[in-house]
Amino acid sequence: MDTRKLKYFLAVVDHDGFNRAAEHLLIAQPSLSQTIAGLEKDLGVPLFHRIGRRAVLSEAGKELIGPARLVMRDLDAAQSAVQALKGVRSGRLDIVTMPSPGIEPLTSMIAAFTELHPSVRLNVSAAFTPEEVIESVRTGSTEIGLAGSSAPIRMPGVHVLDLERQPLILIVNPSADTFRPGTAIQREDLAGHRLIASQRGSLMRWLVDDALAHGVATEIVVEVAHRTSILPLVLAGVGHAVMPSSWAPTAHKAGLRTLLIEPVSHLDVAILSRKDGLTPAARAFLQVAEQHVAATGESTAAPA
């Protein structure tokens with residue numbers, strides 16, 4: 001078995017079929033099929049079930065995805081290590097992030113990182129739960145993950161660096177701003193107001209549901225999965241939105257008012273990585289993260 005076969009196998013997985021994978025790899029589809037057939041022969045098991053014109057992963061294929069990603073990641077690490085000895089800071093760094101940490105602190109850390117290492121290309125993908133971030137880092141799909149949760153993340157086998165705590169705020173609909181002057185409100189003050197809410201499972205939605213459960217007569221007018229829609233909806237006068245404080249600078253630039261919601265709930269933001277085998281680019285990014293922590297407040301890395 002060679003790494004080229006694993007690379008082709010992952011391309012079929014990531015591009016949902018042989019045709020798109022062949023286009024991505026810039027090879028002929030028969031050549032790709034022949035390579036996958038050779039990999040299946042090496043392993044002695046089918047990796048895909050051919051159903052009509054579709055290729056569906058077999059159980060063996062599903063089991064191979066994680067180890068294959070780790071092999072490719074370790075190969076990248078080895079190549080980057082050799083390049084680092086020659087003084088070359090190139091390559092690619094794969095990052096996965098949840099929406100709110102993806103605004104901040106990720107933006108500030110990427111700005112600092114690209115200034116130090118302009119030849120490294122960053123690829124940032126999306127996740128919507130801490131579990132998705134953890135799984136992506138564990139399987140080697142990404143090297144660095146940013147997650148936000150209602151409590152500090154502690155996960156065996158994953159290195160966790162706590163970055164910051166983001167209090168929840170209300171981004172105020174300017175056409176329905178009947179709140180008293182000041183910078184904070186109580187949860188009871190949400191009564192009678194229309195809210196744009198994220199989907200269940202998020203800390204922001206929990207706060208809204210908790211207020212409803214305690215008799216606060218607020219109304220969820222829109223439930224949004226894609227949080228990039230939230231600020232435009234607030235600007236359009238649809239409702240207020242409960243979000244982490246990382247959204248405040250963007251909201252203020254758009255001319256929106258924000259209010260701290262008391263009693264305060266916090267989103268704990270952390271950066272996750274594998275325990276070892278990281279590329280030099282990933283290690284350099286973690287150094288930037290540590291500098292961010294030092295600049296914003298003290299934090300400690302959780303044990304792996």
*Quick one: are L106 and F113 in side-chain contact, heavy atoms under 4.5 Å?*
no
*Return the minimal non-hydrogen interatomic distance between D177 and R257, and the atom names on each side.*
OD1-NH1, 2.9 Å
_Quick check on the hydrophobic clustering: are M204 and V216 connected, directly or via other members, by side-chain heavy-atom contacts under 4.5 Å?_
yes
_Tell me the closest heavy-atom pair linking P99 and A127, and the distance in Å._
CD-O, 3.4 Å
*Please collect all salt bridge (charged side-chain N to carboxylate O under 4.0 Å, His left out) contacts where either partner lies in residues 28-37, sequence neighbours excluded, each pair once.*
none
_Donor-acceptor contact present, side-chain T142 to main-chain I95, <3.5 Å_ = no
*CG/L32 to CD1/I27 distance, rounded to the nearest 0.5 angstrom?*
4.5 Å
*Would you sort out whether L146 and V133 count as a side chain to side chain contact (heavy atoms under 4.5 Å, CB included), showing the intermediate values?*
CA-CA 7 Å; L146 270 80; V133 175; over 6 Å; no
*Kindly compute the distance separating CG (L39) from NZ (K41), expressed to the nearest 0.5 Å.*
12.5 Å
*asked:* The test is side chain to side chain donor-acceptor pair (under 3.5 Å); show your working for S245 and Q166 and say whether it passes.
replied: CA-CA 5 Å; S245 60; Q166 299 179 0; 4.8 Å; no
*Is S202 reaching over with its side chain to a backbone N or O of S198, donor-acceptor style, under 3.5 angstrom?*
no
*Do the side chains of L10 and L25 join up, straight or via other hydrophobic residues, at under 4.5 Å, putting them in one cluster?*
yes
*S100/L267 under side chain to side chain contact (heavy atoms under 4.5 Å, CB included): CA gap, chis, key distance, verdict*: CA-CA 9 Å; S100 295; L267 186 73; 4.2 Å; yes
*asked:* With rounding to the nearest 0.5 angstrom, report the CD to CD1 distance, E115 to I110.
replied: 14.0 Å
*Do K7 and D2 have side chains that get closer than 4.5 Å, going by heavy atoms?*
no
*Nearest 0.5 Å please: distance from the OG1 atom of T279 over to the CG atom of D74.*
10.5 Å
*Between V238 and N173, is any pair of side-chain heavy atoms under 4.5 Å apart?*
no
_Is it the case that the side chain of R283 and the backbone of L278 share a donor-acceptor pair, with hydrogens and angles ignored and the cut-off at 3.5 Å?_
yes
_Do S108 and E104 pair up side chain to side chain, a donor and an acceptor below 3.5 Å, judged on atom types alone?_
yes
*Are side-chain heavy atoms of S58 and V45 found at a separation under 4.5 Å?*
no
*Is there side-chain contact between L64 and L43, with heavy atoms separated by less than 4.5 Å?*
yes
*Salt-bridged, D94 to R69, with N to O below 4.0 Å?*
no
*May I have all residue pairs that pass ring-ring contact (aromatic ring centres under 6.0 Å, His included) and include part of residues 239-280, sequence neighbours excluded?*
F179-H240, H193-H240
*Taking C-beta and beyond as the side chain, do D268 and I153 meet within less than 4.5 Å on heavy atoms?*
no
*asked:* Tell me whether S136 contacts the main-chain N or O of E132 through its side chain, where contact means a donor paired with an acceptor under 3.5 Å.
replied: no
_Over 12 foreign heavy atoms within 6.0 Å of CZ, R20_ = no
*asked:* Taking side-chain contact (heavy atoms from CB on, under 4.5 Å) as the definition, give me every residue that meets it alongside E59, ordered by chain and number, with sequence neighbours left out.
replied: K62
*Answer yes or no: is there a side-chain heavy-atom contact under 4.5 Å between K275 and V158?*
no
*Can you sort out the partners of S33 under side-chain contact (heavy atoms from CB on, under 4.5 Å), two or more places apart, ordered by chain and number?*
F18, Q29
*asked:* Under the rule for salt bridge (Lys or Arg N to Asp or Glu O under 4.0 Å), what residues qualify as partners of E262, not counting sequence neighbours?
replied: none
*asked:* Do N123 and L93 make a side-chain contact, defined as non-hydrogen atoms from C-beta onward lying under 4.5 Å apart?
replied: no
*Would H292 and E164 satisfy side chain to side chain donor-acceptor pair (under 3.5 Å), going step by step from the backbone distance to the final call?*
CA-CA 9 Å; H292 172 85; E164 61 187 35; 3.1 Å; yes
*Carboxylate-amine/guanidinium contact R138 E143, below 4.0 Å*: no
*Only one of I171, V172, D189 forms a side chain to side chain contact (heavy atoms under 4.5 Å, CB included) with L259, so which one is it?*
V172
_Nearest-0.5 Å distance, CE of residue M98 to CZ of residue F128_ = 9.5 Å
*asked:* Is it true that, when you exclude Q186 itself, more than 12 heavy atoms of the residues, nucleotides or ligands shown sit nearer than 6.0 Å to its CD?
replied: yes
_Shared hydrophobic cluster, L207 / M243 (ILVMFWY, side-chain heavy atoms < 4.5 Å)_ = no
*Which pair of non-hydrogen atoms, one from T258 and one from A251, has the smallest distance, and what is that distance?*
CG2-CB, 4.0 Å
*Would you mind checking if D16 and R54 are paired as a salt bridge, meaning a charged N to carboxylate O distance below 4.0 Å?*
no
*Linking I/L/V/M/F/W/Y whenever their side-chain heavy atoms sit closer than 4.5 Å, directly or via other members, would L260 and L170 fall into one cluster?*
no
*For side chain to side chain contact (heavy atoms under 4.5 Å, CB included), just list the numbers for F48 and L57, CA-CA rounded to whole Å, side-chain angles, deciding distance to a tenth of an Å, and then say yes or no.*
CA-CA 4 Å; F48 297 94; L57 277 167; 3.5 Å; yes
*asked:* Grouping I, L, V, M, F, W and Y whenever their side-chain heavy atoms are under 4.5 Å apart, do L256 and I185 come out in a common cluster?
replied: no
*Kindly indicate, with the supporting measurements, whether the criterion side chain to side chain contact (heavy atoms under 4.5 Å, CB included) is fulfilled by V96 and I144.*
CA-CA 6 Å; V96 63; I144 300 294; over 6 Å; no
For residues 219-237, tabulate all N or O donor-acceptor pairs below 3.5 Å that involve a side-chain atom, not counting sequence neighbours.
{"residue": "E223", "atom": "OE1", "partner": "R205", "partner atom": "NH1", "Å": "2.5"}
{"residue": "E223", "atom": "OE1", "partner": "R205", "partner atom": "NH2", "Å": "3.4"}
{"residue": "S229", "atom": "OG", "partner": "H226", "partner atom": "O", "Å": "3.4"}

*asked:* Ignoring hydrogens, what is the shortest heavy-atom contact between V264 and P167? Give both atom names and the distance.
replied: CG1-CB, 3.7 Å
_Give me the atom names and distance for the closest heavy-atom approach of G102 to T107._
O-OG1, 3.6 Å
*To the nearest 0.5 Å, how far apart are CG in L6 and CD1 in I65?*
12.0 Å
_Cation-pi, Y8 ring and R4 (6.0 angstrom, 45 degrees)_ = yes
*Any sub-3.5 Å donor-acceptor pair from H15's side-chain atoms to A11's backbone N or O?*
no
*Which heavy atom in S265 sits nearest to a heavy atom in R187, and how many Å separate them?*
OG-NH2, 2.7 Å
